[in-house]
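Below you'll find the structure, written out as structure tokens, and then a few comments.
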Amino acid sequence: MSILYGAPPSPFVRKVMLAHAFKSLPYQLKIVPPGSDDEGFKAASPLGKIPAYQTDKGTGFADSSVIIAYIEKTSTDVALYPSDAEDYAMALWYEEYSDTKMMEAFGALYFERVVGPKFFNHTTDDERVELAISKLIPTVLDYLESQITADEWLVADQFSSADVAVGAQLVGLIHADYQIDAQKWPKLSAYNERFISHELVQAQVQTELGMLNHS
Ligand SMILES: N[C@@H](CCC(=O)N[C@@H](CS)C(=O)NCC(=O)O)C(=O)O
């Protein structure tokens with residue numbers, strides 16, 4: 001069976017776990033932090049970042065986008081990439097936006113409120129929280145609000161890797177105790193509700209809450 005290395009509170013690990021869940025693909029989760037000395041992890045992730053992956057044939061590599069691209073090739077029953085070229089490009093773009101800009105903005109709040117205090121004995125920096133809430137996060141929410149045109153999903157109204165990536169970041173807001181204001185961002189707020197209430201996402205959230213509460 002394939003091995004996924006990482007820890008679910010990481011949005012990149014969450015993204016990969018959700019992609020497996022939506023595709024109904026089994027895997028073994030091996031919990032490791034970034035920079036772990038685990039030999040299998042080090043071989044798969046020379047940069048020391050999570051997530052990393054070892055396929056059931058023994059090939060090892062890292063990066064959430066690479067892992068999802070790999071599983072898309074091995075399991076085609078539930079396609080996560082749109083077949084149309086324009087839609088495919090947009091799905092890749094939203095994934096890139098999620099991994100960079102959303103990570104920067106949401107990660108700032110998530111670090112200050114959750115990861116820092118829980119894992120690094122770090123006192124919350126209120127100025128950084130204020131910056132995230134007043135500037136970084138609204139910039140992202142404004143952009144996403146402007147992009148949501150369909151009733152359901154981000155690209156061509158078909159569930160795709162874009163939703164997995166953007167949704168994985170939105171889940172982090174639950175842990176960081178941040179509510180999207182439905183008055184300011186009505187389309188995104190409805191999208192968020194749609195994603196979060198999916199039973200597979202709920203299962204992921206419960207797993208993470210269990211892990212965060214026992215760490
Ligand atoms: N582009 C990578 C980013 C992975 C990443 O930055 N993971 C963080 C944890 S959320 C990490 O391992 N950071 C440790 C480091 O940068 O050394 C992906 O999509 O998997």
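First listed ligand is number 1; within each ligand, the first listed atom is number 1. If you're wondering where the values come from, they're calculated on a predicted model, not measured in any experiment. Below, all heavy atoms of this structure are taken into account, side chains as well, without hydrogens, waters or symmetry copies. One is the number of the first residue; the rest follow in order along the sequence.
- When each atom of ligand 1 is checked for a heavy atom of K49 under 4.0 Å away, the hits are 5 (C), 6 (O), 12 (O), 15 (C), 16 (O).
- For atom 14 (C) of ligand 1, the closest non-hydrogen atom on the protein side is P34 CB, 3.6 Å.
- Ligand 1 has no nitrogen or oxygen under 3.5 angstrom from a nitrogen or oxygen of L47.
- Grouping the Ile, Leu, Val, Met, Phe, Trp and Tyr side chains by contacts below 4.5 angstrom, directly or via other members, places Y27 with V32.
- No side-chain heavy atom of L136 sits less than 4.5 Å from a side-chain heavy atom of V140.
- The closest protein non-hydrogen atom to atom 9 (C) of ligand 1 is I50 CG1, 3.9 Å.
- With no hydrogens or angles considered, no side-chain donor-acceptor pair links T124 and E112 at under 3.5 Å.
- The aromatic rings of H198 and F22 lie perpendicular to each other, with more than 60° between the two planes, well past the 30° mark.
- Between the side chains of N192 and W185, no donor-acceptor pair is found at a separation under 3.5 Å.
- Classification of the Y191-F195 ring pair by plane angle, with boundaries at 30° and 60°, yields parallel.
- Taking all heavy atoms of I67, V66, D63 into account, the minimum distance to atom 2 (C) of ligand 1 is reached by D63.
- For ligand 1, the polar-atom distance check against S64 finds a nitrogen or oxygen pair separated by under 3.5 Å.
- Nearest to atom 10 (S) of ligand 1 among the protein's heavy atoms is S10 OG, 3.2 Å.
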